[in-house]
Amino acid sequence: MRDLGTPVLDNHLHLDREGKGIEAVQDFVRSGGTHLLVVNKPSWHLGVEPEAGQDFGAVFEETRSLVADATAVLPGQAWPVIGVHPALISRLVDDRGMAVEDARDLMMAGLDTAGEYATEGAAVAIKSGRPHYDVQPEIWEASNAVLRHALEVAVQADVAVQLHTEESEDLTEIGKWAEAVSLPPHRVVKHYSSGTLTGITPSVMSRKPFLETAIEEADPFLMETDFIDDPDRPGAVMGPKTVPRRVNWLLEIGHEIAVEAAHVDTPQTIYGIDTRDTLER
């Protein structure tokens with residue numbers, strides 16, 4: 001195991017027992033990684049085609065199980081992020097012929113189930129968002145309603161939110177929606193961000209140019225790979241070794257303060273997690 005002298009958190013990564021699974025976690029640890037936020041895979045990737053909100057429970061339970069297995073091999077800890085992938089609305093409407101309003105309500109019910117888990121301490125954030133691809137206006141409207149419901153669920157559960165959205169450098173509107181329900185906008189995180197984002201907190205894809213930009217912006221940010229652990233696409237989107245390697249690079253070029261912020265201070269502020277106290281030395 002490589003010791004980089006600091007907690008190293010991948011803020012958004014998926015695990016799958018049919019993929020690399022815990023072997024991916026071991027790769028992360030060998031490269032210097034210490035902590036993970038494990039996000040549930042889209043429900044259909046696990047063979048779950050929900051009819052009611054509680055049907056998502058099988059997805060969340062699998063994520064909890066993987067998080068427990070990951071924590072057993074990490075020098076630090078893993079935590080779950082659970083919810084409903086925004087692309088589900090297209091599957092429900094286009095593939096299953098569901099009315100847009102019914103699809104919206106089902107996704108909201110799934111978020112309610114995620115909120116119940118989070119309230120019991122089984123997650124540090126709710127996953128939601130809206131399609132990153134072109135959709136009909138009624139789908140967009142329904143997706144925004146689902147996203148806003150996720151913000152309300154997070155407030156009730158006192159957790160953060162991770163969002164999958166369209167590519168954007170300005171999500172001030174979503175930050176205002178969060179404020180309207182008394183969720184601090186900094187506790188709303190856009191996953192798969194570049195180095196610039198206004199309105200909510202960016203989780204920056206760990207590419208060197210994006211990280212350099214994020215440091216220049218001097219605003220709080222997190223680091224991620226969005227590793228999807230798909231056996232048909234090994235290494236996609238970025239491999240599990242990437243965040244530790246980028247942290248090592250940042251330390252080598254003198255960005256200790258930025259590393260401390262991204263892997264200790266900002267996770268504490270957003271999720272209430274302590275990556276130092278949970279790190280065994």
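Remember, it's a predicted structure, so these values are computed and weren't measured experimentally.
With hydrogens and angles disregarded, no donor-acceptor distance shorter than 3.5 Å links the side chain of Thr165 to the backbone of Gly129. In this structure, Thr201 contributes its side chain and His186 its backbone to a donor-acceptor pair below 3.5 Å. A donor-acceptor contact shorter than 3.5 Å links the side chain of Thr71 to the backbone of Ala78. Side chain of Asp229 to main chain of Gly21: a donor-acceptor pair is present (N/O by atom type, distance under 3.5 Å, no hydrogens or angles). Thr119 places a side-chain N or O within donor-acceptor distance of the main-chain N or O of Gly115, the cut-off being under 3.5 Å. Not a single donor-acceptor pair under 3.5 Å links the side chain of Lys41 to the backbone N or O of Leu46. A donor-acceptor distance shorter than 3.5 angstrom exists from the side chain of Thr113 to the backbone of Gly53, with no hydrogens or angles considered. Counting only distance, with no hydrogens or angles, the side chain of Asp3 and the backbone of Gly32 share no donor-acceptor pair below 3.5 Å. Side chain of His263 to backbone of Val8: no donor-acceptor contact under 3.5 angstrom is found. Side-chain N or O atoms of Thr213 include one that pairs as donor or acceptor with a backbone N or O of Pro209 at under 3.5 Å.
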CA sep, side-chain torsions, deciding dist, call: Ser168, Asp170, side-chain hydrogen bond (donor to acceptor under 3.5 Å, both in side chains): CA-CA 6 Å; Ser168 176; Asp170 187 352; over 6 Å; no

Verify side-chain hydrogen bond (donor to acceptor under 3.5 Å, both in side chains) between Ser206 and Arg245, making sure each step is shown before the conclusion. CA-CA 9 Å; Ser206 295; Arg245 287 175 172 175; over 6 Å; no

Salt bridge (charged side-chain N to carboxylate O under 4.0 Å, His left out) for Arg276 and Glu260? Distances and angles first, verdict last. CA-CA 10 Å; Arg276 286 212 180 277; Glu260 177 82 7; 2.5 Å; yes

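Salt bridge Glu141/Arg104: absent, no basic N to carboxylate O contact under 4.0 Å. Taking a cutoff of 4.0 Å between a charged side-chain nitrogen and a carboxylate oxygen, Arg187 and Asp158 qualify as a salt bridge.
Glu217 has its side chain out of reach of Glu212: every pair of non-hydrogen atoms, C-beta onward, lies at least 4.5 Å apart. In this structure the side chain of Trp249 reaches within 4.5 angstrom of the side chain of Lys208, judged on heavy atoms. Side-chain contact between Asn40 and Pro80 is absent, with no heavy atoms from C-beta onward closer than 4.5 Å. Val124 places none of its side-chain heavy atoms less than 4.5 Å from the side chain of Val159. Counting heavy atoms from C-beta on, the side chains of Leu183 and Trp177 never come closer than 4.5 Å. Residues Leu151 and Val155 are not in side-chain contact: their nearest non-hydrogen atoms beyond the backbone lie 4.5 Å or more apart. Side-chain contact between Thr225 and Val237 is absent, with no heavy atoms from C-beta onward closer than 4.5 Å. In this structure, Tyr117 and Arg64 have side chains that are in contact, with non-hydrogen atoms separated by less than 4.5 Å.
The structure places CG of Asp16 at 10.0 Å from OG1 of Thr63, a figure rounded to the nearest 0.5 Å. Interatomic distance, Glu18 CD to Asp230 CG, rounded to the nearest 0.5 Å: 11.0 Å. To the nearest 0.5 Å, atoms CG (Leu163) and NE2 (His132) are separated by 14.5 Å.
Heavy-atom minimum distance, Ala123 versus Ile82: CB-CG1, 3.7 Å. Across every non-hydrogen atom of Ala142 and Ile89, the tightest pair is CB-CD1, 3.8 Å. When all heavy atoms of Thr278 and Thr275 are compared, the closest pair comes out as OG1-CA, 3.5 Å. When all heavy atoms are compared, the tightest approach of Phe56 to Ser43 is CE2-OG, 4.1 Å. The minimum heavy-atom distance linking Pro131 with Pro86 is given by the pair N-CB, 4.1 Å. Between Phe210 and Ser193 the shortest heavy-atom distance is CD1-O, 4.1 Å.
At most 12 heavy atoms of other shown residues, nucleotides or ligands fall within 6.0 angstrom of atom CG in Asp134. For Ile257, the CD1 atom counts as loosely surrounded, since its 6.0 Å shell holds 12 or fewer non-hydrogen atoms of other residues, nucleotides or ligands.
Two different hydrophobic clusters hold Met238 and Leu37 under the rule that ILVMFWY side chains link at heavy-atom gaps under 4.5 Å. Residues Phe227 and Leu66 fall within the same hydrophobic cluster, defined by Ile, Leu, Val, Met, Phe, Trp and Tyr side chains chained together at heavy-atom separations under 4.5 Å. Val189 and Val39 fall within the same hydrophobic cluster, defined by Ile, Leu, Val, Met, Phe, Trp and Tyr side-chain heavy atoms under 4.5 Å apart, directly or through other members. Under a hydrophobic clustering in which Ile, Leu, Val, Met, Phe, Trp and Tyr are joined whenever their side-chain heavy atoms come within less than 4.5 Å, directly or via other members, Leu211 and Val243 fall into the same cluster. Linking ILVMFWY residues whenever their side-chain heavy atoms come closer than 4.5 Å, directly or via other members, leaves Val59 and Ile228 in distinct clusters.
The residue from Leu250, Thr34, Asn248, Val259 that alone fulfils the side-chain contact (heavy atoms from CB on, under 4.5 Å) condition with Leu4 is Asn248. The side-chain contact (heavy atoms from CB on, under 4.5 Å) test with Ser143 is passed by exactly one of Leu147, Ile139, Val146: Ile139. The only option from His191, Gln162, Lys190, Glu224 that meets the side-chain hydrogen bond (donor to acceptor under 3.5 Å, both in side chains) definition with Ser203 turns out to be Glu224. When Val153, Val84, Leu111 are each tested for a side-chain contact (heavy atoms from CB on, under 4.5 Å) with Ser128, only one passes: Leu111. Among Val67, Val38, Ile273, the one residue that satisfies the side-chain contact (heavy atoms from CB on, under 4.5 Å) test with Trp79 is Ile273. Only one option out of Asp102, Leu92, Asp112 pairs with Met107 in a side-chain contact (heavy atoms from CB on, under 4.5 Å); it is Leu92.
Using cut-offs of 30° and 60° on the angle between ring planes, the pair His12 and His14 is perpendicular.
Evaluation of the salt bridge (Lys or Arg N to Asp or Glu O under 4.0 Å) rule for Glu166 yields Arg130 as partners, not counting sequence neighbours.
Annotation: Trp44 is in aromatic contact with His85 [ring centroid separation under 6.0 Å].
Checking Tyr271 against Thr266 by side-chain atom types alone, no donor-acceptor pair falls below 3.5 Å.
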